[in-house]
Each structure stands twice: as structure tokens, then as C-alpha cells.
There are 2 protein chains.
Amino acid sequence: MVGRMASTRADDVYRRLRTDILGGRLVPGQRLKFPELSQNYETSVGAAREALTRLVADGFVRTQAHQGFCVTPLSYEGLAELTQARVEIEPLVLRLSVREGDMTWEAGAVAAHHVLERTPFFAADDDTHPSDAWSSAHAAFHASLLAGCRNRRMLAIARSLREEAELYLQWSVAFGRERDVAGEHRALLDATIARDADLAAELLRDHIAHTAQLLIRGATDGPEA
Amino acid sequence: MVGRMASTRADDVYRRLRTDILGGRLVPGQRLKFPELSQNYETSVGAAREALTRLVADGFVRTQAHQGFCVTPLSYEGLAELTQARVEIEPLVLRLSVREGDMTWEAGAVAAHHVLERTPFFAADDDTHPSDAWSSAHAAFHASLLAGCRNRRMLAIARSLREEAELYLQWSVAFGRERDVAGEHRALLDATIARDADLAAELLRDHIAHTAQLLIRGATDGPEA
DNA sequence: TGTCAACAAACTTTCGAAAGTCAGCCCGAG
DNA sequence: CTCGGGCTGACTTTCGAAAGTTTGTTGACA
């Protein structure tokens with residue numbers, strides 16, 4: 001090779017594993033063994049290990065010394081803690097975003113919402129899990145709302161919380177049929193673009209809390225999560 | 001060996017590196033090369049690599065593909081972002097701690113303060129950097145204040161922000177001679193034990209902001225940081 | 001039948017060398 | 001003198017096998 005190598009193999013495996021977890025192809029709680037991994041991802045033990053180490057830091061994978069790695073299991077307590085953290089922190093970041101974001105940021109939010117609004121919740125062939133397309137669009141929309149915040153550190157914290165939340169969404173039983181999610185998203189966008197920090201923060205808090213509540217109710221009824 | 005292995009070699013190297021960074025034995029910006037590392041820490045490249053990967057996640061080390069690792073450099077922007085994040089988030093966690101902490105937690109805070117109060121700021125042989133003992137005691141005191149918070153996730157976020165802040169403190173020029181840090185700490189403890197969440201949160205916010213201000217002033221006068 | 005130790009299999013962790021990449025240097029051409 | 005190509009040395013990344021740990025099983029003994 002002559003040019004600058006963009007990334008490393010471990011980087012690549014990391015991204016693929018991450019995508020597979022978020023996409024539901026790896027089940028929470030599932031053990032991740034090196035023999036399998038190095039075969040499935042066509043890599044060596046070392047590279048797989050580095051990828052896993054990074055996923056542990058992200059919270060997507062758990063590990064105990066000499067007992068290997070597994071996809072972080074979902075749990076009530078986990079969801080409860082995650083939700084509280086999101087309820088406290090995300091509105092904070094949204095406020096900053098609303099205060100500091102420029103026109104390009106506004107445009108990004110509007111664009112992301114446009115896509116989300118037109119992406120169906122379910123895929124054609126599966127009406128139990130949200131479609132990959134919707135998940136991506138949903139994540140992108142929320143990310144775009146926060147993206148105005150200039151503090152990369154706070155942004156990173158909020159984003160990592162959101163990502164874990166997407167995982168709970170991915171593994172939840174179907175919901176949202178009876179709920180006006182689209183309306184909530186629209187209201188959130190409007191308040192944000194209108195630079196009404198108080199309203200936007202309140203809407204976001206409710207949106208997060210409401211979603212978590214439905215997830216818990218869904219899990220209690222049909223025990224899929 | 002027969003019993004359960006408590007940890008791994010990579011774990012060990014990780015902890016030692018971390019301690020060396022926080023203790024100022026590794027300089028911010030300093031390149032971390034594998035040949036040196038594996039010699040100094042008596043380990044293989046692989047183990048050193050895993051340790052570094054984890055330190056990157058913690059924010060203590062930076063890396064770019066194919067260009068190796070270096071201790072995260074300190075900077076104005078870094079300090080400003082860190083401070084803002086701390087000002088926003090730590091008081092939040094302190095509120096929860098004050099609300100949820102039990103008597104054991106109170107006792108821990110009182111104990112940590114007792115130690116801090118009796119630990120001299122400077123070591124006998126060096127009056128430019130805070131002593132290792134004081135740094136530890138200071139970190140332990142602040143950690144103990146937050147430790148009442150039951151939400152491990154939020155606790156982890158706050159603690160990681162604090163740890164990075166200790167690093168800026170470590171590399172700051174001397175300060176605190178003219179400042180009543182001890183008084184601030186005592187007031188913080190009192191408000192916390194009295195379960196006055198509003199006051200405690202406000203004191204903590206001021207404490208953080210005040211410290212950052214002095215750090216910046218110190219860096220502008222004598223350009224050590 | 002229940003308990004425990006030794007064994008076996010599977011996996012995790014560690015290692016050090018091989019392969020790949022970058023930065024700096026030298027040298028020749030313009 | 002300046003610019004660019006190729007070379008060298010040092011370092012990073014990758015690999016797969018060796019060493020070490022855990023888990024499950026088997027068989028002896030109470």
C-alpha cells in the first residue's frame with residue numbers, strides 16, 4: 001500500500017461486531033467465543049480481542065477475567081438506570097444544542113426528521129422488531145437534535161447513552177402502534193428549531209420516559225426482553 | 001495455580017499505566033511506544049496494546065491508526081469542555097447521592113474528609129505539584145461525596161470526568177496557597193451531610209468552576225500546563 | 001447415593017516473531 | 001537550490017501457536 005491506511009483490522013471487526021449487536025444479530029447474553037469470532041469475522045484472536053475490549057468500554061459487551069466475553073444482557077435494572085441517566089443528561093445536552101447550534105445544524109435536524117417521518121416502523125417481512133431502516137433513521141434523528149452542542153465530551157456521553165437505548169428498543173416487543181411516536185418527534189423538532197430550550201428539554205424528557213415505560217410494560221406482558 | 005485468577009496481565013498493565021499517568025510519571029503528549037512499554041512494564045506487545053486500548057476509552061490516551069499511542073495532551077479547549085461537563089453533570093449526581101445515600105455513605109464521606117483535611121497539599125520535597133497523597137485523598141473525598149448515588153451508570157460518568165480533572169490538577173502550576181480549598185471542602189461536606197441538595201449542588205458547581213478558573217489563570221501566567 | 005479429587009476438553013490469555021506501514025533521509029534530476 | 005522518488009530504520013499491527021485457566025466429566029471412595 002502506498003496511501004495512508006484509513007483503519008486497522010481490529011477497527012473493522014469492532015465496527016462489524018457493534019453493528020451486529022445493535023442490529024440484533026447477536027443476542028444479549030450470548031457468549032462470544034474466540035474460535036467462533038475469528039472464524040465468522042475472518043480475523044485472528046488478537047484482533048477480535050481488541051475489538052471486544054473496546055466494546056466492553058462502550059458497554060455493549062461484558063467480560064470477566066478468564067471467563068470470556070458476552071453481549072451485555074438486558075435487564076430491568078439496566079433499563080431503569082439507563083433511563084434515569086438519559087432523562088437527566090440528554091435534556092441538558094439538548095439545551096446546549098438549542099443554544100449553540102447554527103443553521104447547518106438546524107438543516108441537519110430537519111433533514112433527519114424528514115427521513116424518519118417517511119421510514120416505516122416495521123419491515124415488510126417482520127412486524128415484531130423495528131426495521132433496520134427505522135432504527136437507523138431514529139438514531140440519526142436523535143443524534144442530529146443533539147449535534148448542535150459544541151461540547152464534544154457531553155455530546156459523546158449523550159450519544160453513548162442513546163446507543164444503548166437503541167439496543168433495548170431493538171429487543172423490545174412491538175409497540176408504538178397505538179402511540180403517536182411520529183407526533184412526539186415532530187413536536188420535538190419544532191420546539192428545537194424554534195429554539196425553545198425549555199419546551200424541547202421537557203418534550204425530550206417525556207419522550208424518553210414514555211418510551212421506557214412502554215418497554216417495561218411490553219417486557220412484563222410478553223417476556224421477550 | 002489452583003484458585004481463581006483474580007486478574008489478567010493486561011489488567012495489571014492497564015492499572016499501572018493509569019496510575020503512572022495520573023501520578024504524573026508519564027507526561028501528557030508523550031508518545032507511548034511498544035518497545036519501551038513492553039520493557040518498562042515487563043510484558044508483551046499484545047498485553048500493552050490491550051491496556052492502551054482501554055486507556056483510550058477512558059480518555060487518558062489518544063491513538064490514530066498506524067501512528068501509535070500517546071498520553072492525551074492537555075489543552076485549554078480540553079479543560080474548558082471538561083469543566084463545562086463537570087459543572088453540568090457532577091451536581092446532578094451529587095443531588096442523587098444526597099437524596100439516596102445511607103448512613104454508611106455519610107460515614108464514608110466524613111472519613112474521607114477527615115483524611116483530606118490532615119493531608120498536606122505539598123510533599124516535603126516538592127512545592128510545585130500537589131503531593132501524591134493529597135491527590136489521592138482529594139480524589140477519594142470527591143468520590144465519596146458522589147458514592148451515595150445508586151445509579152452506577154451516572155456514577156461512572158461523573159467519576160470518569162473527575163479523574164480527568166485530577167490530571168489537569170496534577171500538571172497545573174502551584175495554586176491554592178491563597179485559596180481556602182479546605183474551607184470549600186468542609187462546606188461541601190456539611191451541606192451534603194445536612195442533606196441540603198440545593199446548597200451542596202451549588203457549592204460543588206462553584207468549587208469546580210473556581211478550580212478551573214485558577215488552573216487557566218495559572219497556565220496563562222506560567223505556561224506549564 | 002453423594003462427595004470429592006483427578007482428569008480431559010474447551011476456551012482464554014499471553015507471547016514473540018512476521019508482515020505491514022510510516023517518517024526521515026539521501027540522492028539525483030530539474 | 002528545490003523537488004520528488006526510493007531507500008532505510010523504527011515502529012505498529014497482525015497472526016497463530018504455546019501456556020494457563022476454567023468447566024464439565026468420570027470414577028473411586030465413603
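Letters go in sequence order (proteins before strands), and every chain restarts at 1. From a predicted model like this one, the values you see are computed outputs, not experimental measurements.
We find that CD of Gln64(A) is positioned 18 Å from P of dC11(C), with the value rounded to whole Å. Arg9(B) has its CZ atom 10 Å from the P atom of dG16(C), to the nearest Å. Remark: C1' of dT13(D) and CG of Leu52(B) are 13 Å apart, rounded to the nearest angstrom. With rounding to whole Å, Gln67(B) atom CD is found 13 Å from dT21(C) atom P. One atom, CG of Leu37(B), and another, P of dT13(D), lie 12 Å apart when rounded to the nearest Å. Computed from coordinates, the Glu50(B) CD to dT12(D) P distance equals 17 Å when rounded to whole Å. Rounding to whole angstrom units, NE2 of residue His66(B) and C1' of dC22(C) are separated by 9 Å. Atoms CZ (Arg31(B)) and P (dA10(D)) sit 13 Å apart, rounded to a whole Å.
In summary, of the residues considered (Glu81(A), Glu164(A), Glu88(A)), a salt bridge (charged side-chain N to carboxylate O under 4.0 Å, His left out) with Arg153(B) occurs for Glu164(A) alone.
Between Arg16(A) and Asp12(A) there is a salt bridge, with a side-chain nitrogen of the basic residue lying less than 4.0 Å from a carboxylate oxygen of the acidic one. Looking at Glu163(B) and Arg159(B), no side-chain N of the basic residue comes within less than 4.0 Å of a carboxylate O on the acidic one, giving no salt bridge.
Residue contacts for Gly46(A): at a heavy-atom cut-off of 4.0 Å it reaches no nucleic acid atom on any strand shown.
Among the nucleotides dT13(D), dC15(D), dC11(C), the one closest to any side-chain atom of Thr43(A) is dC15(D). Taking every side-chain heavy atom of Thr8(B) into account, dT13(C) is the closest of dT13(C), dC11(C), dC11(D).
Between His185(B) and Trp134(B), the angle of the ring planes lies from 30° to 60°, which puts this pair in the tilted group.
OP1 or OP2 of dT12(C) has not a single side-chain nitrogen or oxygen of Arg49(A) nearer than 4.0 Å.
Position along DNA chain D of the nearest nucleotide to Ala65(A) versus Asp11(A) favours Asp11(A) as the more 5'-ward residue. Comparing Lys33(B) and Ala47(A) by the nucleotide of DNA chain D whose heavy atom lies nearest to each, the residue mapping closer to the 5' end is Lys33(B).
No donor-acceptor pair closer than 3.5 Å links the side chain of Trp105(A) to the backbone N or O of Ser97(A).
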